[in-house]
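Read through the structure below, which is laid out as structure tokens, and then see the notes.
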Amino acid sequence: MLLSVWSVGVSSRGRCLRSLRWGGGDCFTATNWNYNQASSRRQKPSERERSRRASELKMVDRLANSEANSKRIGVVEGCFGAAGQPLAIPGRVLIGEGVLTKLCRKKPKARQFFLFNDILVYGNIMIQKKKYNKQHIIPLESVTIDKVPDEGDLRNGWLIKTPTKSFAVYAATATEKSEWMNHIGKCVEDLLQKSGKAPTGEHAAVWVPDSEATVCMRCQRVKFTPVSRRHHCRKCGFVVCGPCSEKKHLLPSQSSKPVRVCEFCFVQLTAEGAAAAHSDSLGRLGSKFHNMSDEDDDEDDSSD
């Protein structure tokens with residue numbers, strides 16, 4: 001079997017999809033996950049799927065202990081330099097890498113992404129394939145991905161959602177988008193299956209880009225200018241004015257300190273907090289009465 005990871009990069013002809021090959025034998029690449037198709041056609045769909053998944057997991061386990069995988073991860077660490085966090089740990093495999101366009105607050109920007117079997121890493125491109133900075137590490141267990149409809153020049157995109165941060169990214173082609181989403185989805189599925197955890201239900205809001213709002217998205221009155229600045233609500237992601245976002249509220253999944261939220265979300269969060277506190281209070285009160293009842297029953301039983 002040819003052991004490989006897939007990579008999206010830039011060649012002399014522009015963006016391309018290539019396979020980084022580590023061995024010899026049959027091809028196993030991003031565009032050929034079903035390398036065992038010939039022998040699996042006669043199997044039932046469920047059996048074929050189990051066989052394919054088992055083969056992929058065996059490959060990942062094999063790569064985890066390979067010298068080539070260690071070298072690849074070492075190269076990625078070197079590109080981030082001393083400011084980046086160590087990435088080499090037992091069992092970690094570099095699945096693929098490539099340049100994606102991340103929809104940032106001000107404008108879309110190219111970012112280098114690295115997909116491992118347990119984390120997604122990305123950073124700013126200083127020198128292509130040589131130097132990156134501002135390393136971000138996202139645990140895949142907390143990731144959910146969703147498609148994004150094409151709009152204007154922004155095509156082939158999807159959402160990467162986590163409890164702490166959510167954002168949109170765009171690939172150069174529909175094929176690259178499909179491969180990225182498929183590989184991320186499979187890695188998340190494998191992690192959740194191994195850990196027995198349920199998929200994350202809560203995600204941070206995706207911020208609306210500054211360019212999408214010329215006026216406050218809440219009051220619809222304040223027009224943004226160099227003096228009247230834009231702000232983002234951390235709960236809904238809307239672009240809002242200063243007066244509409246004077247409040248702060250604790251969002252534990254995003255920060256240990258209260259963060260800026262719009263007036264609308266503040267009212268909702270406050271009401272939810274009050275309802276939760278009331279429910280918790282009733283629960284403790286009910287538990288108290290329940291315990292008292294148990295004690296009374298015990299006393300009655302003992303008296304018999």
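Since the model is a prediction, treat every value here as computed from it, not as a measurement.
Residues Leu94 and Asn117 form no side-chain contact, since every pair of their non-hydrogen atoms from C-beta on lies 4.5 Å or further apart. The shortest distance between side-chain heavy atoms of Val121 and Val76 does not fall below 4.5 Å. Using a 4.5 Å heavy-atom cutoff, the side chains of Trp158 and Trp180 are in contact.
Here the OG-NZ distance, from Ser255 to Lys248, works out to 9.5 Å after rounding to the nearest 0.5 Å. Taken to the nearest 0.5 Å, the CD atom of Gln254 stands 11.0 Å off from the NZ atom of Lys165. Rounded to the nearest 0.5 Å, atoms CG (Leu159) and CG (Leu103) are 9.5 Å apart. If you take CG on Leu140 and OG1 on Thr162, they are separated by 11.0 Å, rounding to the nearest 0.5 Å. Rounded to the nearest 0.5 angstrom, Cys216 SG and Arg230 CZ are separated by 11.0 Å. For the atom pair NE2 of His231 and CZ of Arg229, the computed distance is 5.0 Å after rounding to the nearest 0.5 Å.
Ion pairing of Lys247 with Glu263 is present here, as a side-chain N (NZ or NE/NH1/NH2) and a carboxylate O approach within less than 4.0 Å.
For Asp118, the side-chain hydrogen bond (donor to acceptor under 3.5 Å, both in side chains) test picks out Arg92, with sequence neighbours left out. Tyr132 meets the side-chain hydrogen bond (donor to acceptor under 3.5 Å, both in side chains) test with no other residue; sequence neighbours excluded.
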Do Ile137 and Gln85 pass the side-chain contact (heavy atoms from CB on, under 4.5 Å) test, and can you show the C-alpha distance, the side-chain angles, and the key distance before you say yes or no?
CA-CA 9 Å; Ile137 300 178; Gln85 295 185 35; 3.9 Å; yes
Worked check of side-chain contact (heavy atoms from CB on, under 4.5 Å) between Leu191 and Lys197:
CA-CA 8 Å; Leu191 285 171; Lys197 296 180 181 178; over 6 Å; no
Before giving the answer on side-chain contact (heavy atoms from CB on, under 4.5 Å), spell out for Cys79 and Lys129 the whole-Å C-alpha distance, their side-chain angles and the decisive distance to 0.1 Å.
CA-CA 7 Å; Cys79 288; Lys129 301 181 186 177; over 6 Å; no
Take Phe116 and Leu87 through the side-chain contact (heavy atoms from CB on, under 4.5 Å) test and state the conclusion after the steps.
CA-CA 10 Å; Phe116 296 82; Leu87 299 173; 4.1 Å; yes
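Side-chain N or O atoms of Asn124 include none that pairs as donor or acceptor with a backbone N or O of Arg111 at under 3.5 Å.
A perpendicular orientation is assigned to the rings of His249 and Phe266, their planes being inclined by more than 60° (bins at 30° and 60°). Ring orientation note: the planes of His136 and Tyr122 are close to parallel, at an angle under 30° on the 30°/60° scale.
Summarising the local packing, NZ of Lys102 is surrounded by more than 12 heavy atoms from other residues, nucleotides or ligands at distances under 6.0 Å. When the shell of 6.0 Å around CZ of Arg155 is examined, it contains 12 or fewer heavy atoms from other residues, nucleotides or ligands. Around atom CD of Gln220, more than 12 heavy atoms belonging to other residues, nucleotides or ligands sit under 6.0 Å away.
Nearest heavy-atom pair, Ser166 versus His203, reported as atom, atom and distance to 0.1 Å: OG-CB, 4.1 Å. When all heavy atoms are compared, the tightest approach of Leu154 to Pro108 is CD2-CG, 4.1 Å. When all heavy atoms of Cys244 and Cys219 are compared, the closest pair comes out as SG-CB, 3.6 Å.
A cation-pi contact, defined as under 6.0 Å to the ring centre and within 45° of the axis, is absent between Lys177 and Tyr170.
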